[in-house]
Amino acid sequence: MRWSKLYLPTYKESPSDAEIPSHQLMIRAGVIRKLTAGVYTFLPLGYRVLKKIENIVREEMNRTGSQEILMPILHPAELYEESGRLQNFGPELFKLNDRKNRLFALGPTHEEVVTDLARTEIRSYRQLPQCLYQILTKFRDEIRPRFGVMRAREFIMKDAYSFHESHESLEETYRTMADAYRRILNRCGLENIMVEADAGVIGGDVNHEFIVFAEEGESEIFTCQCGYTANSERAESAGRPLKSPEKILASPMRVETPGQKTIEEVSRFLNTEPSQLVKTLLYRSGEEVVAALIPGDRSLNETKLAKLLQDPWIETLDDESIRKLTGAEAGYSGPVGLPDKTRIIADTLLDDYEGMIVGANENDTHLRGVKMGRDFEPTETASISTVKSGDRCARCGESELVTRRGVELGHIFKLDTKYSKSMNATFLDQQGKEREFIMGCYGFGVSRAVAAAVEANHDDRGILWPLSITPFDAIMLPINVSDTHTMEVAESLYAELTEAGWEVLFDDRDLRAGFRFKDADLVGIPIRITLGERNLKTNKIEIYHRRDDRSELVDREDVIGVLADVYGSLR
Ligand code: ATP
Ligand code: MG
């Protein structure tokens with residue numbers, strides 16, 4: 001491909017709305033262009049990468065025995081009423097009406113559609129197990145579309161769905177899929193880890209995410225030497241020893257804390273550690289008021305709370321409602337003396353507490369020496385706070401949890417009978433009895449993978465495409481495009497390489513060499529073949545290895561051999 005003919009516009013400056021390196025570089029290097037918030041075009045360079053990732057995904061899916069299909073994007077909304085997700089997806093679901101005013105949704109994922117397919121087609125256990133997949137555009141009206149194609153409103157996903165008669169059969173496919181995901185990411189050249197995760201609106205109990213390591217990735221994960229891995233939404237810890245535990249008093253002691261509302265203010269005022277305080281956060285879940293109690297030095301994990309309450313739409317109580325409920329301003333709420341019907345959920349870490357300092361439900365007042373179980377009774381205990389790096393692992397109880405950041409590329413779920421039950425999708429088992437399908441589903445963000453690849457592979461000059469998904473194998477850069485001899489060698493080498501099946505980007509643009517060198521670094525092709533007048537006098541050509549920042553001079557005849565060496569088994 002000749003750059004002079006290729007639609008590959010590059011920018012020196014980053015767009016102002018691009019917050020992370022991958023987004024900045026993908027715009028600057030002509031990989032993607034924005035149409036509107038969360039909606040992007042893949043330009044030729046980006047589309048080539050997308051197709052390569054898609055091919056790897058397809059090969060690995062086919063290897064598992066999963067079969068490719070193509071389901072519709074336009075979904076009748078009744079299916080979502082059946083599954084209950086018209087409610088649960090809420091505003092993230094794109095909805096539209098047809099000319100007869102019938103409601104439709106643009107597919108955010110395809111559990112409903114594929115379950116409908118199975119319930120009409122699969123009659124007998126003899127037809128099981130089945131696994132179907134597709135690679136298709138999805139639509140989700142994300143609250144905060146950002147980071148380019150990383151969190152888009154229209155994006156490409158590979159989604160697979162499996163149907164089983166037994167849990168053993170599901171387990172087998174689940175493992176096969178986990179292996180396939182690892183292979184896909186390794187083949188894409190992306191360092192990754194599988195972690196326990198939260199199921200969100202998809203549902204089911206067991207689920208895992210595949211995270212590609214990247215310093216500015218949206219996901220935070222925790223790992224332990226013992227092998228425990230989980231994302232921040234799911235992770236649980238055994239906390240850490242308290243610096244100076246609050247002592248239990250014979251009865252709670254009222255202390256005046258005028259104007260001191262935040263944890264920092266109160267702990268400074270009382271000259272205590274923030275961990276001696278317990279935060280009482282008030283939420284509304286449907287008709288119910290929930291008091292969530294967590295250590296003062298931690299944050300509430302809303303995902304955990306929502307899951308516990310089985311309500312994705314929990315919201316914090318407004319100041320007025322807090323005043324009505326507790327009789328005091330927000331900031332002085334506490335668990336002692338709340339109305340009986342309040343559901344009190346205590347974080348598991350509070351089990352280790354002797355006494356605690358809490359709000360007194362009275363303005364400018366706190367209580368010291370409070371004991372859980374004596375001064376108030378929690379309705380239940382559950383892990384609802386966030387984990388911190390350095391906490392003891394909840395699984396082994398010994399080692400410390402370590403945190404890392406990354407980008408979520410894959411998410412696999414054991415759905416069990418969540419959809420087959422609500423949508424009445426059944427088959428006849430060996431005894432001729434009607435049973436609900438046991439299901440799994442397996443998503444992979446194909447367009448997000450392009451962004452993750454850049455996020456995990458770049459330097460201050462530009463992108464460093466992994467070899468297996470690079471848009472071109474090499475970029476050829478004649479330094480002086482007006483020199484006849486240089487261009488003769490360039491043309492013949494270009495023809496030879498292309499003939500041999502190498503994908504070469506020939507930078508034949510009549511622009512300053514310095515400018516084109518910068519562009520070559522920016523677009524990040526792994527190998528640059530530089531043709532200079534002086535070197536050519538001795539039949540030499542410079543090969544620059546972009547990732548290692550290393551150059552070598554080779555004879556013109558050996559260029560093809562270097563490419564073969566670098567790409568090795570990938571070809
Ligand atoms: P997230 O927690 O990032 O919102 P999710 O749990 O909603 O992800 P799934 O429903 O499991 O994601 O979708 C499967 C995969 O699709 C994700 O692992 C991710 O790679 C990709 N994906 C999800 N939402 C988006 C999006 N808005 N833009 C691009 N890719 C996405
Ligand atoms: Mg999401």
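What you see is a predicted model, and the numbers here were worked out from it, not measured in a lab. Atoms within each ligand, like the ligands themselves, are counted from 1 in listed order.
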Peer 1: Quick one: does Thr109 get within less than 4.0 Å of ligand 1, heavy atoms only?
Peer 2: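 It does not, in that no heavy atom of Thr109 comes within the 4.0 Å cut-off of ligand 1.
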Peer 1: Tell me, please: is Asp198 in heavy-atom contact with ligand 1, that is, under 4.0 Å?
Peer 2: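 Asp198 does not count as a contact of ligand 1 under the 4.0 Å cut-off.
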Peer 1: How are the rings of His75 and Tyr80 set relative to one another: parallel (under 30°), tilted (30 to 60°) or perpendicular (over 60°)?
Peer 2: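 Answer is parallel, since the angle falls under 30°.
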Peer 1: At less than 4.0 angstrom from any non-hydrogen atom of Val149, what atoms of ligand 1 do you find?
Peer 2: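 Within the 4.0 Å cut-off of Val149, ligand 1 contributes 29 (C).
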Peer 1: Below 4.0 Å from any atom of ligand 1, is there a heavy atom belonging to Gly410?
Peer 2: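 Checking ligand 1 against Gly410, which is what was asked, there is a heavy-atom contact under 4.0 Å.
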Peer 1: Heavy atoms only: which of Phe210, Phe155, Phe444 is nearest to atom 26 (C) of ligand 1?
Peer 2: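 It is Phe155 whose heavy atom sits nearest to atom 26 (C) of ligand 1.
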Peer 1: Do the two ring centres, one from Tyr181 and one from Phe444, sit under 6.0 Å apart?
Peer 2: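 For Tyr181 and Phe444, the ring centres are under 6.0 Å apart.
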Peer 1: Contact between Met150 and ligand 1, counting heavy atoms under 4.0 Å?
Peer 2: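 Yes, that is the case, since the closest heavy atom of the residue is under 4.0 Å from the ligand.
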Peer 1: Can Arg405 and Glu455 be counted as an ion pair, charged N to O under 4.0 angstrom?
Peer 2: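 Salt bridge flag = no for Glu455 with Arg405.
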Peer 1: Nearest non-hydrogen atom to atom 10 (O) of ligand 1 belongs to which of Glu209, Met157, Arg140?
Peer 2: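 Ranked by closest heavy atom to atom 10 (O) of ligand 1, first place is Arg140.
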Peer 1: Would you tell me which option among Arg448, Glu408, Arg151 has the nearest heavy-atom contact to atom 4 (O) of ligand 1?
Peer 2: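 Considering heavy atoms of Arg448, Glu408, Arg151, the nearest to atom 4 (O) of ligand 1 sits in Arg151.
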Peer 1: Do any side-chain atoms of residues 209-217 form donor-acceptor pairs under 3.5 angstrom with protein atoms, and if so which ones, sequence neighbours left out?
Peer 2:
residue : atom : partner : partner atom : Å
Glu209  : OE1  : Asn231  : ND2          : 3.0
Glu209  : OE2  : Asn231  : ND2          : 3.3

Peer 1: Report all side-chain donor-acceptor pairs from residues 28-36 shorter than 3.5 Å, counting only partners two or more places apart or in another chain.
Peer 2:
residue : atom : partner : partner atom : Å
Arg28   : NE   : Tyr11   : O            : 3.1
Arg28   : NE   : Lys12   : O            : 3.1
Arg28   : NH2  : Lys12   : O            : 3.4
Arg33   : NH1  : Ile27   : O            : 2.8
Arg33   : NH2  : Pro9    : O            : 3.2
Lys34   : NZ   : Asp17   : OD2          : 3.0

Peer 1: Any atoms of ligand 1 less than 4.0 Å from a non-hydrogen atom of Leu409? List them with their elements.
Peer 2: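 Near Leu409, meaning under 4.0 Å from one of its heavy atoms, ligand 1 has 18 (O), 20 (O).
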Peer 1: One residue to check: Glu142. Relative to ligand 1, which of side chain, backbone, both or neither has a non-hydrogen atom less than 4.0 Å away?
Peer 2: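 Glu142 to ligand 1: side-chain contact only, backbone stays beyond 4.0 Å.
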